[in-house]
Amino acid sequence: MKIEVRLFATLRENRGKVLTMEFEEGSTAKEVITQLNIPIEEAAILLINGKHEALDYQLIDHDVVSIFPPVGGG
Amino acid sequence: MNKFIRVDMTTKKVEIQEVPEKYVGLGGRGLTSNFVNDEVKPTCHPLGKNNKIIFAPGMLSGTSAPNSGRISVGSKSPLTGTIKESNAGGTFSQKMAKMGIKALVIEGMPAEDEFYILKITMDGVTIEEAPKEILGGCGNYKAIELLNNKYGEKVGIALAGPAGEHRLPTANISFKDPDSNMRSAGRGGLGAVLGSKKVKALVIDDTGAPGVPIAEPEKFREASKVFAKALLDHPVSGQALAAYGTDVLVNILNEAGGLPAINFTKGRIDWNENIAGETLNATIKERGGEGKVSHGCHAGCVIRCSQWYPDKQGKLITSGFEYETIWGLGADAGIKDLDDIAYIDRAMDDIGIDSIETAVAVATAMEGGLLPWGDGKAVLEAVKEVAIPTPLGRLIGSGTTVVGKACGLFRVPVVKDQGIPAYDPRPIKGIGLTYATTTMGADHTAGYCISGNILKVGGNIDPLKKDGQIEYARAMQIGTAAVDSTGMCLFVYFGIADNPAGYQALIDMINAQYGINLTANDVDELGKSVLKVERAFNKAAGFTNAHDRLPEFFEYEPCPPHNEVWDFTPEEIDEVYNF
């Protein structure tokens with residue numbers, strides 16, 4: 001299945017902004033992070049289709065996965 | 001700090017008193033709000049002779065504690081009619097504290113139409129005629145340069161800009177920063193109060209200041225070290241804020257569907273990369289010149305979230321280029337060019353108007369047909385008219401509520417007449433409770449529920465659900481009222497929210513400075529007492545629970561992409577202040 005991955009802030013370095021990746025059915029969000037060589041603690045904010053999800057979220061075809069390092073403001 | 005200064009602008013008399021017993025243990029917002037509640041007639045007109053304005057450094061200001069240089073300004077707000085505390089960085093707070101000045105109050109108002117400068121030195125306060133060249137439309141950048149020339153490069157300055165002279169409800173108070181740029185006590189129109197009292201500027205010269213006495217210096221140094229380490233070790237306060245500034249939030253809020261756009265009609269845009277923190281950072285690096293990716297707004301800041309944004313030739317356009325401003329102009333008003341937004345930001349600083357209120361008012365004016373959507377050049381011209389002021393300038397300078405009424409709109413994003421900032425309350429429910437209930441009118445900083453809802457710092461709450469939000473909004477407002485009393489920058493929260501030792505170090509610094517033994521519980525009680533005092537003032541000014549509500553359109557206009565509406569009941573909202 002095809003997954004769109006959006007990366008932000010420091011996670012873009014050497015990886016790019018938006019990637020289209022292929023995954024097996026039943027793959028989890030954690031596998032996306034691991035495959036991109038992002039240390040788990042650096043994936044501080046994980047959104048799937050704009051909603052906060054846990055690492056064990058099971059992906060479905062055409063999910064949009066947005067990953068942020070720890071960031072803040074206000 | 002042993003001096004409590006009162007300046008009466010009716011009689012031009014200055015009194016330097018001992019600090020009243022009641023205020024000895026207070027600082028920052030705790031002091032300004034208690035004072036306003038004690039001495040300002042709640043039903044007074046904010047621009048009339050019975051309003052007062054108070055400047056107070058925080059409890060830790062003037063010490064070597066990192067990030068402790070915030071100045072609090074309190075008064076009755078001309079924008080909201082509520083009590084107001086607005087705080088800023090810059091050099092003013094630390095100078096006041098080192099000179100032993102607990103607070104400076106300005107009361108009364110002159111009969112004559114002359115503007116004055118208050119000059120504060122170790123010898124006292126003198127009231128001087130303001131030089132003509134800094135009046136009548138002189139921008140703040142030029143005014144600071146002229147005041148530096150007259151009083152010396154090292155003086156601290158608090159300034160009412162042209163908007164303050166015109167007593168417009170968006171007028172802020174600008175504080176000179178270490179590089180003679182500006183930091184603003186932005187919200188609530190306190191510049192108009194200064195203008196009403198005919199005080200153009202306060203100039204503070206700390207030559208000969210004795211510094212802040214520390215009861216237990218060794219303990220203070222130890223605690224200060226632990227505190228600094230907590231800030232620097234946390235990835236947000238230690239690295240991310242310096243690298244990307246607050247504008248990094250554009251992409252997060254956009255992805256989460258909570259970035260209010262086109263006057264709060266949707267929560268996501270497709271031009272986010274034009275205005276995002278990542279682009280801001282890359283542009284500053286690419287252009288070089290005077291550009292700086294990170295910069296501190298006051299001496300001792302280790303977080304350094306500010307920056308200098310240069311033009312294509314490398315010359316500074318604006319510093320302290322914040323998410324809120326960029327969101328308001330970029331997403332809510334649809335201006336897709338970061339340079340356009342930067343020039344408008346500079347103009348707002350120069351005129352002395354709150355960049356949040358102005359941006360929200362501009363987006364509302366666009367919906368009302370007064371300005372074309374997304375037209376940065378037209379907005380720049382309109383904003384410059386606030387300094388003259390033309391009728392359009394007066395309208396924009398009067399804030400969102402006035403613009404909404406003048407245009408006959410129902411979609412007017414305000415609470416207690418203060419513009420709602422950069423987080424939509426429908427898909428981020430926690431922040432909606434803060435907007436609705438804070439004593440300040442819509443203000444994200446009063447209880448920054450974005451932290452646990454979106455950023456997952458200090459909590460993990462589903463922003464789309466109501467569960468846990470009431471307790472969270474309550475706790476965040478209480479904690480914020482306490483932090484605002486210390487003189488600390490609110491961003492220290494990121495460093496200590498999940499680090500109990502860091503939080504304890506903050507309390508230990510206060511204890512070591514004053515030789516007291518506050519506990520975490522005492523700090524919590526301080527926060528509660530500040531909120532209660534502020535609420536008592538608002539109640540006496542005529543505010544009831546019915547004012548603690550979001551604009552009705554949030555209840556029936558779903559916010560795409562999540563299509564949430566605001567669904568807290570009045571009873572649930574009222575639970576926030578049940579403590």
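All values reported here derive from a predicted model rather than from experimental measurement.
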Run the salt-bridge test on [X] and [Y] with the 4.0 Å N-O cut-off and return the result as yes or no.
X: R6(A); Y: E4(A); result: yes
X: E41(A); Y: K456(B); result: no
X: D567(B); Y: K429(B); result: yes

Counting heavy-atom pairs closer than 4.5 Å to chain B, which one of G74(A), P69(A), A44(A) comes out on top?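 Top option by heavy-atom pairs under 4.5 Å: G74(A).
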Where does [X] contact chain A at under 4.5 Å (heavy atoms): side chain, backbone, both or neither?
X: L455(B); result: both
X: P463(B); result: side chain
X: E273(B); result: side chain
X: D462(B); result: neither
X: E324(B); result: side chain
X: L249(B); result: side chain
X: H234(B); result: neither

Going from CE on M488(B) to CG on N87(B), what distance comes out if it is rounded to the nearest 0.5 angstrom?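 Answer for the CE-CG pair, M488(B) versus N87(B), is 12.5 Å.
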Among the listed options N281(B), I454(B), T445(B), the residue most often paired with chain A at heavy-atom distances under 4.5 Å: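 Ranked by contacts with chain A, first place is I454(B).
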Going by the ring-ring contact (aromatic ring centres under 6.0 Å, His included) test, name the single residue among W327(B), Y323(B), Y435(B) that passes it with Y423(B).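 The residue from W327(B), Y323(B), Y435(B) that satisfies ring-ring contact (aromatic ring centres under 6.0 Å, His included) with Y423(B) turns out to be Y323(B).
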Using heavy-atom distances under 4.5 Å, tell me whether F68(A) contacts chain B through its side chain, its backbone, both, or neither.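 Answer is side chain: those atoms of F68(A) sit under 4.5 Å from chain B.
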Identified side-chain contact (heavy atoms from CB on, under 4.5 Å) counterpart of L7(A) within the set L19(A), V65(A), V18(A):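 Of all the options given, the one that passes is L19(A).
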On the 0 to 90° scale, with breaks at 30° and 60°, tag the F494(B)-F491(B) ring pair as parallel, tilted or perpendicular.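 The rings of F494(B) and F491(B) sit tilted, inter-plane angle from 30° to 60°.
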